[in-house]
Amino acid sequence: MWADLGPVGRVASGGYRRFVWTREDAALREWFAGEAAARGLDLVEDRVGNQWAWWWDGPGTVDDAVRAGHTGVAIGSHLDSVPDGGAFDGPLGVVSSFAAVDALRASGVVPGRPIAVTHFIDEEGARFGIACAGSRVLTGALDADRARALTDGDGVTYADAFAAAGRDPQALGRDEETLARVGCFVELHVEQGRALVDLGAPVAVASDIWPHGRWRFDFPGEANHAGTTRLEDRKDAMLGYADLVLAARAGAAERGCVATVGKVAVTPGGINAIPSHVTGWLDTRGTDEGQVRALVDDLETRVQQHGATVTRESWTPTTRFDTDLADRLRRVLGSTDELSVPVLGTGAGHDAGILSGAGIPTAMLFVRNPTGISHNPVEHAETQDCHAGVEALAACLTDLVADQP
């Protein structure tokens, strides 16, 4: 499975460009459908385009099982990437989920509850700017009208891209039928840090996701000639943007947060033209929700001197995973203390966090990343640690589907 996925969307940097509703995305969806078919799983697409591959050998359909109180156990992750991202962020969770299903079948497990392997679309938000868009629209956390109106860098709306992929944009929206099927969700993901190297453990259970958000800063200016306009006559939008970048870094250090201005759009974009407009996007996160918000408030006040406007594009408060479910996974994995199966918080957002916010009991497993580097072509996990992750997920899944509600 890993080898089959490897070439899809790979670029000259060695990283990946796998963006939603593109040719590469279609290839990923085809791969997922093929893996589901190879196992005889029932492939269902929800109103948003997320793919669900269901395994249920009990009486009736999956919906019959749900009506009888046997809600499903969902596992999986995403297949899209950030620009020039690594191979493991997302795909490791999907491949490991299919492998866990194989492990259960090989050991003769007969699930007492339906199992779904899930592929959430557009988790990274690389094309349209909203992270976890697939799970946000599914749960209603992202309004369907707003989702349809999102535009990519070429001005293509989400609605148009959805339609071009053969889907009805008016169908986008919260999917009650799909949500009713999911009794709990466990997402396996490569660690996006290097805590497990120091702890000497291949797998950890997640405790929470830090509060995080994205803001757009628009700085006005006036286009003019770079060579003939005196400095005192300039209205250079880039100066306000530069102030934002430096202030974000200093403020984050002061408040114990992290802040990144990783995307900028300059108009008119000529080397010899003074910028008439600059848009910068800020991503900020931290363990303390109050400090994250205070940092953004500080920056908003600061950029007013440059005439800037600030728009919040997304915000997710602290997401605490289901304590009972996390404790259950640690018991299954033989934990007697936090050193045997560590418990880690994370500054990275995940679809699991969105489902948790919607009231679905949710947990995560992290697989050791030896360098801690992520969103980069050198992102890596050792094969033996990946196998340990599959074994851990299979053990947890075996325990969860033994339930007979």
Side-chain angles (χ1 to χ4, degrees), residues 82-83 122-133 135-137 139-143 146-147 149-153 192-193 206-221 236-267 275 277-321 345-354 356-358 374-375:
V82 299
D122 204 15
E123 193 268 358
E124 299 291 4
R127 183 177 179 187
F128 293 98
I130 300 292
C132 300
S135 54
R136 287 183 191 273
V137 178
T139 60
L142 176 60
D143 178 75
R146 184 184 175 197
L150 295 171
T151 58
D152 67 11
Q192 293 174 289
S207 57
D208 66 322
I209 296 175
W210 297 357
H212 57 281
R214 295 180 179 184
W215 287 262
R216 188 182 76 241
F217 289 71
D218 287 284
F219 296 88
D236 188 345
M238 186 63 77
L239 298 181
Y241 169 75
D243 190 29
L244 166 68
V245 174
L246 296 174
R249 175 60 180 261
E254 180 181 341
R255 292 191 174 277
C257 307
V258 292
T260 306
V261 184
K263 180 179 178 181
V264 60
V266 181
T267 304
H277 192 96
V278 175
T279 302
W281 282 265
L282 170 76
D283 178 303
T284 184
R285 317 169 188 225
T287 58
D288 187 312
E289 185 171 326
Q291 293 296 329
V292 175
R293 286 188 172 276
L295 170 61
V296 177
D297 290 343
D298 291 345
L299 294 173
E300 188 166 2
T301 299
R302 186 181 185 96
V303 300
Q304 287 176 358
Q305 65 181 307
H306 302 289
T309 58
V310 183
T311 304
R312 187 182 79 184
E313 294 198 333
S314 67
W315 169 254
T316 305
T318 302
T319 302
R320 304 198 183 282
F321 292 115
T346 179
H350 298 282
D351 292 308
I354 306 302
S356 179
S374 187
H375 287 186

Taking only residues two or more places apart in sequence, or in another chain, which ones meet Asp208 in a side chain to side chain contact (heavy atoms under 4.5 Å, CB included)?
Trp210, Thr318, Arg320

Across all chains, not counting sequence neighbours, the side chain to side chain contact (heavy atoms under 4.5 Å, CB included) partners of Ala358 are Thr139

Charged N-O contact under 4.0 Å between Arg214 and Glu313:
no

All side chain to side chain contact (heavy atoms under 4.5 Å, CB included) counterparts of Pro317, not counting sequence neighbours
Glu289, Trp315

Name the atoms and distances for all side-chain donor-acceptor pairs under 3.5 Å in residues 250-263, with sequence neighbours left out.
residue, atom, partner, partner atom, Å
Arg255, NE, Asp298, OD2, 3.0
Arg255, NH1, Gln291, OE1, 2.9
Arg255, NH2, Asp298, OD2, 3.0

Once salt bridge (charged side-chain N to carboxylate O under 4.0 Å, His left out) is applied, do any residues pair with Arg312, and if so which ones, sequence neighbours excluded?
none

If the condition is side chain to side chain donor-acceptor pair (under 3.5 Å), which residues does Ser314 pass it with, not counting sequence neighbours?
none

Could you list the residues that satisfy side chain to side chain donor-acceptor pair (under 3.5 Å) with Asp351, not counting sequence neighbours?
Ser135

Trp215 side, atom CH2; Thr311 side, atom OG1 - distance, nearest 0.5 Å
12.0 Å

Are the side chains of Ile130 and Leu142 in touch, meaning some heavy atoms are under 4.5 Å apart?
yes

Residue set satisfying salt bridge (charged side-chain N to carboxylate O under 4.0 Å, His left out) with Glu124, at least two apart, ordered chain then number -> none

Indicate the atoms forming the closest heavy-atom contact of Pro211 with Gly286, along with that distance.
CD-O, 2.9 Å

Give, for atom OG1 of Thr309 and atom CD of Gln304, the distance between the pair rounded to the nearest 0.5 Å.
10.5 Å

For residues 238-247, please give each side-chain donor-acceptor pair under 3.5 Å, one per line with the distance, not counting sequence neighbours.
residue, atom, partner, partner atom, Å
Asp243, OD1, Arg302, NE, 3.0
Asp243, OD1, Arg302, NH2, 3.0
Asp243, OD2, Arg302, NE, 3.1
Asp243, OD2, His306, NE2, 2.9

Heavy-atom closest contact (Leu295 atom, Ala248 atom, distance):
CD1-O, 4.4 Å

For the backbone of Asp297 and the side chain of Thr301, can you confirm whether one donor and one acceptor N or O come within less than 3.5 Å of each other?
yes

Not counting sequence neighbours, which residues clear side chain to side chain contact (heavy atoms under 4.5 Å, CB included) with Ser374? List them please.
Asp89, Gln192, Glu379

Nearest atoms (heavy-atom pairs only) where Ala237 meets Phe219:
CB-O, 3.4 Å

Please list, chain by chain and in numerical order, all residues satisfying salt bridge (charged side-chain N to carboxylate O under 4.0 Å, His left out) with Arg285, sequence neighbours excluded.
Asp283

I'd like to check Glu123 versus Ile354 (side-chain heavy atoms, cut-off strictly below 4.5 Å). Are they in contact?
no

Return the OG1 to CD1 distance between Thr346 and Ile209, rounded to the nearest 0.5 Å.
6.5 Å

His212: partners by ring pair (Phe, Tyr, Trp, His ring centres under 6.0 Å), with sequence neighbours left out:
none

